[in-house]
Undergrad: 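Sending over a structure as structure tokens; questions will come in a sec.
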Amino acid sequence: QVQLVESGGGLVQAGGSLRLSCAASGRTFSSAAMGWFRQAPGKEREFVAAIRWGGGFTYYRDSVKGRFTISGDNAQNTVILQMNSLKPEDTAVYYCAADKDYPSVYSGTYYYLISSYDYWGQGTQVTVSS
């Protein structure tokens, strides 16, 4: 059984920083990519960032580019989301996700899609006060 466990959420003032971590466990776990999504109250879950292990490619939603950085260690099955210059609109529950296989046909939006990921964490709350 695969488990993704997030940590590092909390309350921070606007302009501050938080570092989210996600650790994956499971006897046979391996992934092609890992990512972060978020869901604010009353809104749909949305893509934040992803890292594809093959090639080390990273992907970000436009609103976090230049402020958030995703990194990780494929061998350790961990992924980090460093969030700087936080804004109140970043307030949400943040979810870690993992895609176990590389796609047979890759499109430019593949890692932005919820359906591309096979495993999900329980989420960690991030609250940014103004």
Undergrad: Is there a side-chain contact between C96 and W36 in this structure, where contact means two heavy atoms from C-beta onward sitting under 4.5 Å apart?
TA: yes
Undergrad: Quick check against the 3.5 Å criterion: does E6 have a side-chain atom that pairs as donor or acceptor with the backbone of Q122?
TA: yes
Undergrad: So how far is it from S21 OG to Q82 CD, rounded to the nearest 0.5 Å?
TA: 9.5 Å
Undergrad: Do L4 and I80 sit in the same hydrophobic cluster, where Ile, Leu, Val, Met, Phe, Trp and Tyr count as joined when their side-chain heavy atoms come under 4.5 Å apart?
TA: no
Undergrad: I'd like to know if F57 and I51 are part of one continuous hydrophobic network [Ile/Leu/Val/Met/Phe/Trp/Tyr, side-chain heavy atoms within less than 4.5 Å].
TA: yes
Undergrad: Hey, what's the ring geometry for Y112 with Y59, parallel, tilted or perpendicular (30° and 60° as the breaks)?
TA: perpendicular
Undergrad: Checking Y95 side chain against G35 main chain: does a donor-acceptor pair fall under 3.5 Å?
TA: no
Undergrad: Minimum heavy-atom separation for A92 and A40, please, with both atom names.
TA: CB-N, 3.8 Å
Undergrad: What is the minimum heavy-atom distance between S85 and S17, and which atoms define it?
TA: N-OG, 4.4 Å
Undergrad: Within a strict 4.5 Å, meaning less than it, do heavy atoms of the Y102 and W53 side chains meet?
TA: yes
Undergrad: Tell me, do T69 and Y60 make a side-chain contact under 4.5 Å, heavy atoms counted?
TA: yes
Undergrad: Between atom CD of Q13 and atom OG1 of T127, what is the distance when rounded to the nearest 0.5 Å?
TA: 13.0 Å
Undergrad: How many angstroms lie between atom CZ of R38 and atom CG of L81, to the nearest 0.5 angstrom?
TA: 9.5 Å
Undergrad: Considering only heavy atoms from C-beta outward, does the side chain of S63 approach that of F68 to under 4.5 Å?
TA: no
Undergrad: Please name the pair of heavy atoms, one in L86 and one in L18, separated by the smallest distance, quoted to 0.1 Å.
TA: CD1-N, 3.8 Å
Undergrad: Please tell me if the side chains of R67 and M83 come closer than 4.5 Å, counting only heavy atoms from C-beta onward.
TA: no
Undergrad: Working to the nearest 0.5 Å, report the span between OG of S71 and CE of M34.
TA: 11.5 Å
Undergrad: Taking all non-hydrogen atoms of both residues into account, name the closest pair between I70 and T58 and its distance.
TA: CG2-CG2, 3.8 Å
Undergrad: Can you hop from I114 to Y119 via hydrophobic side chains spaced under 4.5 Å?
TA: yes
Undergrad: Passes ring-ring contact (aromatic ring centres under 6.0 Å, His included), Y117 versus F37? Steps please.
TA: CA-CA 11 Å; Y117 297 84; F37 286 72; 5.2 Å; yes
Undergrad: In chain order, what residues pass the side-chain hydrogen bond (donor to acceptor under 3.5 Å, both in side chains) check against D62, with sequence neighbours excluded?
TA: K65
Undergrad: Look only at the side chain of R61 and the backbone of F47, and say whether a donor-acceptor pair between them is shorter than 3.5 Å.
TA: yes
Undergrad: Taking the side chain as everything from C-beta on, heavy atoms only, tell me whether S31 gets closer than 4.5 Å to N74.
TA: yes
Undergrad: Just verifying a value: how many Å separate Q125 CD and T91 OG1, rounded to the nearest 0.5 Å?
TA: 7.5 Å
Undergrad: Does any non-hydrogen side-chain atom of R52 lie less than 4.5 Å from one of D99?
TA: no
